[in-house]
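Residue numbers start from 1 in every chain, and the chains themselves are labelled A, B, ... in the order their sequence lines are given, proteins ahead of strands. Just so you know, these numbers use all the heavy atoms, side chains as well, and skip hydrogens, waters and symmetry mates.
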Number of protein chains: 2
Amino acid sequence: MGSESKQQMVKSAAVLFRERGYSGTGFRDVIEHSGAPRGSIYHHFPGGKAELATETVRYAGSYIGAQIERLAQDGDPAAVLRAFVGWWRKLLEGSDFRAGCPVVAVAVEAHDDDAIVAATGEAFADWERALASTLRRSGATPARARRVATLCIAAIEGAVVMCRAQRSTQPLLDVGRELEQAIEAAQSG
Amino acid sequence: MGSESKQQMVKSAAVLFRERGYSGTGFRDVIEHSGAPRGSIYHHFPGGKAELATETVRYAGSYIGAQIERLAQDGDPAAVLRAFVGWWRKLLEGSDFRAGCPVVAVAVEAHDDDAIVAATGEAFADWERALASTLRRSGATPARARRVATLCIAAIEGAVVMCRAQRSTQPLLDVGRELEQAIEAAQSG
DNA sequence: GTCTATACGAAGATAGAC
DNA sequence: GTCTATCTTCGTATAGAC
């Protein structure tokens, strides 16, 4: 991997992106937050801010994907869902509803950079795959497993945005409850 | 209400926000896109960019809310859902996956302005109320109607983000299909 | 790998004329 | 209501020394 300060910059960018978004976060902020040296920005990221964003999305994407896979190892889909919802709930409450998903933050702003867009798309696809495999293992047909996995990711991401807007975890909890029903239906039907 | 050019600035801001986000859109862009005169910015929006954002969210929120209510007048919840999904699909395809939801765009970036956050929260609440009322009318219990309405809004908004990221309408279509099942279940159970 | 210095444009915002 | 001019800060990015 890269050096220490490069990795630290990526981690800081993820934290800042999820609160202020991509355009709302400058190199200045990333340097201050990470404690990395100013002069090393374009040494580590010759492609500038777009490269930092791409790497940040990849980092956050595989980090969250790893959470899902870890949860999926010792639990049925409903348990994975509950744990995943709990993870987001903790982030929302712990940040006083200031932090959301860094991948979503970048995805809604990246309209003109193909590499960034591709990275966000792959992150979502990763999470979906991980969730779909647990659904298949518990009896859902492959096609249904994929659709319900997409529903879960989409609904939770959407709920996180709504929670920040309404400064409440209610949307996330409501969505989690209804998604459990959908998971149950997919297993038997 | 307000003058002609003010209204035009708000409309342009909505179009630009949904592609580039809040921080990614400058007054410069809004002026150019709307054709409004430069000198009238702070006449119409004494509160500056934050005030423009708040009014833009309110405008987009009530515009989309009106779409839902209009659809709800002559259809059951499933028909409303299908039409709503079709509306987003058209926007995504028509913009080559560059445009998303302006309310979401602002919601993920507004971390420090209470008025903006409140406006995004009210927009989501409006949409949810409109959808929940159709669910109640078709047999769902009030509590379930509210939860399923939240699920629909959250899942569709999340799916729109995923569609942009993957440059495909598949997530939206998959989510729409599964949401129909959830609506059906809420009507009978 | 990291530094300083700096270029250059764009950002939001204000003042005062018309 | 709209104009121009201007202020200040900040943005990304580069050059060249160490």
Side-chain angles (χ1 to χ4, degrees), chain A residues 1-17 19-57 102 105-106 108-117 119, chain B residues 1-17 19-57 102 105-106 108-117 119:
Chain A
M1 267 299 137
S3 71
E4 192 70 18
S5 60
K6 176 174 182 178
Q7 204 54 28
Q8 200 51 51
M9 277 191 258
V10 170
K11 285 187 187 179
S12 288
V15 170
L16 295 170
F17 284 178
E19 290 190 12
R20 319 178 189 177
Y22 172 51
S23 302
T25 304
F27 268 128
R28 215 173 186 257
D29 308 310
V30 176
I31 290 302
E32 271 176 26
H33 187 274
S34 65
R38 289 194 65 79
S40 63
I41 296 179
Y42 287 88
H43 171 72
H44 291 308
F45 305 99
K49 199 184 176 186
E51 187 175 341
L52 170 64
T54 304
E55 296 217 20
T56 299
V57 168
V106 174
V108 299
E109 287 184 76
H111 62 300
D112 58 352
D113 189 303
D114 289 344
I116 298 180
V117 173
Chain B
M1 268 299 137
S3 72
E4 192 69 18
S5 59
K6 176 175 183 178
Q7 203 55 26
Q8 200 51 50
M9 278 191 257
V10 169
K11 285 187 186 178
S12 289
V15 170
L16 295 169
F17 284 179
E19 290 189 13
R20 317 176 190 178
Y22 172 52
S23 302
T25 304
F27 268 128
R28 217 176 182 252
D29 309 308
V30 176
I31 290 302
E32 272 175 26
H33 187 276
S34 66
R38 289 194 65 78
S40 62
I41 296 179
Y42 287 89
H43 170 73
H44 291 308
F45 305 99
K49 200 184 177 186
E51 186 174 342
L52 170 65
T54 304
E55 296 217 19
T56 300
V57 168
V106 174
V108 298
E109 288 183 76
H111 62 299
D112 58 351
D113 190 302
D114 289 344
I116 297 179
V117 173

Counting side-chain heavy atoms from C-beta on, which of [options] comes nearest to [X]?
{"X": "Ser40(B)", "options": "dC3(C), dG1(C), dT2(D)", "answer": "dT2(D)"}
{"X": "Asp29(A)", "options": "dA13(C), dT2(D), dG11(D)", "answer": "dG11(D)"}
{"X": "Arg38(B)", "options": "dT4(D), dT2(C), dT2(D)", "answer": "dT4(D)"}
{"X": "Ser5(B)", "options": "dC10(D), dT2(D), dA10(C)", "answer": "dT2(D)"}

Can you tell me how far [atom2] of [N] sits from [atom1] of [X], to the nearest Å?
{"X": "Arg28(B)", "N": "dG11(D)", "atom1": "CZ", "atom2": "P", "value": "18 Å"}
{"X": "His44(B)", "N": "dG1(D)", "atom1": "NE2", "atom2": "P", "value": "6 Å"}
{"X": "Tyr42(B)", "N": "dC3(D)", "atom1": "OH", "atom2": "P", "value": "16 Å"}
{"X": "Ile41(A)", "N": "dA13(D)", "atom1": "CD1", "atom2": "C1'", "value": "9 Å"}
{"X": "Arg20(A)", "N": "dC10(D)", "atom1": "CZ", "atom2": "C1'", "value": "14 Å"}
{"X": "Lys49(B)", "N": "dT9(D)", "atom1": "NZ", "atom2": "P", "value": "19 Å"}
{"X": "Ile31(B)", "N": "dA10(C)", "atom1": "CD1", "atom2": "P", "value": "16 Å"}
{"X": "Leu52(B)", "N": "dG12(C)", "atom1": "CG", "atom2": "P", "value": "10 Å"}

Exercise. Are Lys49(B) and Phe27(B) in a cation-pi contact, defined as NZ or CZ under 6.0 Å from the six-membered ring centre and within 45° of the axis?
Worked result: no
Exercise. Only one of Arg20(B), Glu19(B), Glu109(B) forms a side-chain contact (heavy atoms from CB on, under 4.5 Å) with Glu109(A), so which one is it?
Worked result: Glu109(B)
Exercise. Closest heavy-atom contact between Ile31(A) and Ala36(A)?
Worked result: CG2-O, 3.3 Å
Problem set entry | Over all atoms of both residues, closest heavy-atom pair of Met9(B) and Leu52(B) | O-CD1, 4.3 Å
For this session: Test Val10(A) against Phe45(A) for side-chain contact (heavy atoms from CB on, under 4.5 Å), laying out the working first.
Result: CA-CA 10 Å; Val10(A) 170; Phe45(A) 305 99; 3.9 Å; yes
Exercise. Which part of the nucleic acid, if any, lies within reach of Phe27(A) when heavy atoms closer than 4.0 Å are counted: base, sugar-phosphate only, or nothing?
Worked result: sugar-phosphate
For this session: Have a look at Thr25(A) and say if it touches a base, only the backbone sugar-phosphate, or nothing, with a 4.0 Å heavy-atom cut-off.
Result: sugar-phosphate
For this session: Would you indicate, yes or no, if dC3(D) has its OP1 or OP2 atom less than 4.0 angstrom from a side-chain nitrogen or oxygen of His43(B)?
Result: no
For this session: Find which nucleotide of DNA chain D each of Gly26(A) and Gly39(A) is nearest to by heavy atoms, and output the residue with the more 5' nucleotide.
Result: Gly26(A)
